[in-house]
Number of protein chains: 2
Amino acid sequence: MRQIKHPPIEQVELTDIMYALSDPARLEIVGLLAKEGRQMTCGELELNRPKSSMSHHFKILRSAGLVETIIDGKEHLNSLRLAEIEQKFPGVLNAVLKAIASP
Amino acid sequence: MRQIKHPPIEQVELTDIMYALSDPARLEIVGLLAKEGRQMTCGELELNRPKSSMSHHFKILRSAGLVETIIDGKEHLNSLRLAEIEQKFPGVLNAVLKAIASP
DNA sequence: TCTATAGTTCCAATATATTCGAACTATAGA
DNA sequence: TCTATAGTTCGAATATATTGGAACTATAGA
């Protein structure tokens, strides 16, 4: 298996981003990635859900263009595409991150 | 028929807002309401869709807390709850509006 | 080469959304 | 009181999402 494909930023749609962020589990993943500000494996995220469900949510985050996943050995390292998204849709993701950071 | 019920701002959830904004038709409605900056009837919005579909989308926008609808005679006047949403989730809606305003 | 680990894919079950015609409600105005 | 208008609700068809178990792929390390 090679590296995973991600949509180039020009193809990223706002509606897909909104949709990806409309699920609590995915919002939590995005929040954790932002809070840590580093690459994290799926396992590290520790939402108590089956692997296949997590995989499904990551797929949606990836296809929306929010998350980039790099394969490194047997781990998949996930990170937020924050800079790119901010450049294309200024303020959107940062405002969402701020909203979920404060309880 | 009386006035329509809307969720108080304290009950408005970010996930519901994200979901409501994930549909192109609803995003268009929200964009038009913001651009005009005034109350508009459903009919005025002129997306070429059947009434029942429009009604469905407005229901979702209302229940997400994005749109307020006031009944005035036989018309329903819709407006964005921009100030309230901005206060609760600063920057989110404004950033989305900016993103859809510039093609 | 064997085994454990990380994650994906496949599948089916269930749930939720979307669409739109038809029937309905409420009001304004003749 | 009748009619036209604005919008909602109902109902059924279709589409899309979510969930999670089981099988699979790929790699690291013994």
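In the text below, chain A, chain B and the rest are named by the order of the sequence lines, each starting its count at 1. Hydrogens, waters and symmetry mates play no part in the numbers below; they use all other heavy atoms, side chains included.
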Among the nucleotides C:dT9, D:dA6, D:dT18, whichever has the atom closest to the side chain of A:Ile60 is D:dT18
Picking from D:dT18, C:dA6, D:dG20, which would you name as closest to the side chain of A:Pro50?
D:dG20
Reckon A:Arg62 has a side-chain N or O less than 4.0 Å from the OP1 or OP2 of C:dT8?
yes
Could you tell me the separation between the CG atom of A:Leu61 and the P atom of D:dT18, rounded to a whole number of Å?
11 Å
Return the value, rounded to whole Å, for the distance between atom NZ of A:Lys74 and atom P of D:dT27.
12 Å
OP1 or OP2 of C:dT18 less than 4.0 angstrom from a side-chain nitrogen or oxygen of B:Arg26, does that happen here?
yes
Would you say the side chain of B:Ile100 lies within less than 4.5 Å of the side chain of B:Glu28, judging by non-hydrogen atoms?
no
To the nearest Å, give me how far apart CE (B:Met54) and P (D:dT9) are.
15 Å
Separation of C:dT8 atom C1' from A:His57 atom NE2, nearest Å, is 15 Å
Test your reading of the model: is there a side-chain donor-acceptor pair from A:Asn78 to the backbone of A:Met40, 3.5 Å cut-off?
yes
Can you measure A:Ile4 atom CD1 to C:dT8 atom C1' for me and round it to whole angstrom units?
8 Å
Which of these nucleotides, C:dT8, D:dT19, C:dC20, is closest to any side-chain atom of B:Ser53?
C:dC20
Just N and O in the side chain of B:Lys59: are any of them under 4.0 Å from OP1 or OP2 of D:dT9?
yes
Using heavy atoms to find the nearest nucleotide of DNA chain D for A:Asp72 and B:Met40 separately, return the residue whose nucleotide is more 5′.
B:Met40
Does A:Tyr19 have a side-chain nitrogen or oxygen under 4.0 Å from the phosphate oxygens OP1 or OP2 of D:dT18?
yes
Between A:Arg62 and A:His6, does the side-chain hydrogen bond (donor to acceptor under 3.5 Å, both in side chains) criterion hold? Intermediate values first, please.
CA-CA 6 Å; A:Arg62 264 182 235 120; A:His6 299 85; 4.7 Å; no
Nearest to the side chain of A:Ser52 - C:dA6, D:dA22, D:dG7?
D:dA22
Watson-Crick/G-U partner (both atom distances under 3.5 Å) of D:dC10:
C:dG21
Across all strands shown, which nucleotide pairs with C:dC10 by Watson-Crick or G-U wobble geometry, both distances under 3.5 Å?
D:dG21
Interatomic distance, A:Glu46 CD vs C:dA6 C1' [rounded to whole Å]:
13 Å
Between D:dC10, D:dG7, C:dG7, which nucleotide gets closest to the side-chain atoms of B:His76?
D:dG7
Distance check needed: D:dA17 C1' versus A:Asp23 CG, whole Å only.
10 Å
Without decimals, in angstroms, what is the distance between A:Ile29 CD1 and C:dG7 C1'?
13 Å
Assess the residue pair A:Leu21 and B:Leu14 against the criterion (side chain to side chain contact (heavy atoms under 4.5 Å, CB included)); give the C-alpha distance rounded to whole Å, side-chain angles, the decisive distance to 0.1 Å, and a yes or no.
CA-CA 9 Å; A:Leu21 295 174; B:Leu14 186 60; over 6 Å; no
Across all strands shown, which nucleotide pairs with D:dG29 by Watson-Crick or G-U wobble geometry, both distances under 3.5 Å?
C:dC2
Evaluate side chain to side chain contact (heavy atoms under 4.5 Å, CB included) for B:Thr41 paired with B:Asp72, printing each intermediate quantity in order.
CA-CA 10 Å; B:Thr41 63; B:Asp72 174 32; over 6 Å; no
Judged by each residue's nearest nucleotide on DNA chain C, which is more toward the 5′ side, B:His56 or B:Lys51?
B:His56
A:Leu33 CG to A:Glu68 CD distance, which is reported to the nearest 0.5 Å:
11.5 Å
